[in-house]
2 protein chains.
Amino acid sequence: MISQKAKYALRALIALAEMKTASVSAAELAQSERIPRKFLEQILTELKREGIVQSRRGATGGYSLLMPADTITFGRILRLIDGPIAPLPCLSRTAYRRCEDCRSESACGVRRVFADVAISARAVLDGATIADALTDPSFLVQNRLIPERA
Amino acid sequence: MISQKAKYALRALIALAEMKTASVSAAELAQSERIPRKFLEQILTELKREGIVQSRRGATGGYSLLMPADTITFGRILRLIDGPIAPLPCLSRTAYRRCEDCRSESACGVRRVFADVAISARAVLDGATIADALTDPSFLVQNRLIPERA
DNA sequence: ACAAAGTCCATCGGATCGATAGGTTTTCAA
DNA sequence: TTGAAAACCTATCGATCCGATGGACTTTGT
């Protein structure tokens with residue numbers, strides 16, 4: 001199960017991608033997406049630090065995407081918010097950690113099985129982008145973000 | 001990330017499958033697998049309640065598999081110990097729950113992407129069994145639990 | 001100057017995780 | 001028949017995480 005926070009982050013990015021307007025305030029975004037405002041602010045700040053989102057302070061300030069929606073992968077957001085995608089620490093590429101009590105990594109049957117899970121999960125999550133998740137299909141076609149939905 | 005408890009459960013089952021002897025005490029199993037004994041007892045009790053493992057009480061008591069190792073899937077153990085495999089509650093087959101704040105399930109872009117993750121994760125986990133994870137390959141061949149390792 | 005908005009940091013209640021502890025019941029063997 | 005070994009049951013614990021809230025501060029446009 002992914003965290004609520006990661007869901008919020010993804011939905012916020014999708015909403016930002018759908019907005020034509022230059023920027024949206026956290027308050028507006030919170031209301032339209034039904035996300036607790038202060039919590040959303042934290043999330044957006046993280047996304048900003050990652051360089052995914054841009055902010056402008058002061059009155060008329062707000063947030064906007066800093067990169068094209070079809071270059072922001074689910075995998076990147078998930079790793080940022082929830083940590084490694086791999087189901088075992090010893091299978092993470094981005095945050096490898098040896099399993100404390102494991103005798104031999106190469107002989108570990110549990111690891112062998114979960115390696116397959118990790119591979120396929122990564123394939124999906126590093127392949128899917130915010131653009132793939134936009135709610136209005138006509139938007140996708142109009143903007144040529146995806147060729148067509150398979 | 002799967003829980004430590006699920007890892008213990010899988011390792012315990014693998015160890016039980018590898019044992020030729022009729023039954024093993026929790027204490028022995030705990031020592032050989034380096035799992036906290038009392039914690040392991042809880043796990044084995046759960047596995048027993050599920051009908052995966054058998055127990056005999058009293059002196060000379062212990063645990064043994066109640067079904068062939070190649071019929072015990074990773075998916076089953078994971079669901080028992082860690083809960084649903086699906087990354088979103090609204091994608092779980094075994095424990096479906098609507099996402100509280102979701103407007104429309106069918107229009108949810110996040111859901112669409114994670115549906116693919118769920119499908120592939122299930123394919124792997126419901127396909128892999130304890131027999132697939134046994135450490136000693138010769139055991140597998142000898143007992144014809146798998147034809148050969150791909 | 002003031003209001004609106006982002007930023008920073010602390011805290012909080014509740015849940016979960018990993019484990020430990022102690023007592024009870026069953027069983028076997030001496 | 002009694003004592004040890006083992007499963008079984010329930011409670012509790014400390015640490016961490018999760019989801020969220022609050023307040024103080026800074027920046028910015030009008």
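A note on names: the letters A, B, ... follow the listed sequences, proteins ahead of strands, and every chain is numbered from 1. Not measured: the values here are computed from a predicted model.
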Integer-rounded Å distance: D:dG19 C1' and A:R11 CZ: 14 Å

A:Y63 meets the ring pair (Phe, Tyr, Trp, His ring centres under 6.0 Å) criterion, sequence neighbours left out, with none

Has B:Y63 got a side-chain N or O lying under 4.0 Å from the OP1 or OP2 atom of D:dA6? no

Nearest whole Å is fine: how far is D:dG19 P from A:R34 CZ? 19 Å

CZ of B:R49 versus P of D:dC8: gap in Å, rounded? 9 Å

Do other residues, nucleotides or ligands put more than 12 heavy atoms under 6.0 Å from A:R103 CZ? yes

At under 4.0 Å between heavy atoms, which parts of nucleotides 21-30 of chain D does protein reach? Answer with one letter per nucleotide, 5' to 3': B base, S sugar-phosphate only, - none. BBB--BBBS-

What are the 5'-most and 3'-most nucleotides of DNA chain C lying under 4.0 Å from any heavy atom of chain B? C:dG18 to C:dC28

If I take atom CD in residue B:Q4 and atom C1' in nucleotide D:dA15, what distance separates them, rounded to the nearest angstrom? 15 Å

Calculate the interatomic distance between B:L47 atom CG and D:dC8 atom C1'; express it in whole Å. 15 Å

Can you find a side-chain donor-acceptor pair between A:Q42 and A:T45 that sits under 3.5 Å? no

Basic-acidic side-chain contact under 4.0 Å: A:D126, A:R79: yes

Counting only side-chain nitrogens and oxygens, does B:K48 get under 4.0 Å of the OP1 or OP2 atom of D:dC8? yes

How many whole angstroms separate atom CG of B:L44 from atom P of D:dC9? 13 Å

May I have the step-by-step check of side-chain contact (heavy atoms from CB on, under 4.5 Å) for A:L91 and A:V117, ending in yes or no? CA-CA 10 Å; A:L91 283 169; A:V117 177; over 6 Å; no

Verify the neighbour count for atom CD of A:Q31: are there more than 12 heavy atoms of other residues, nucleotides or ligands below 6.0 Å? no

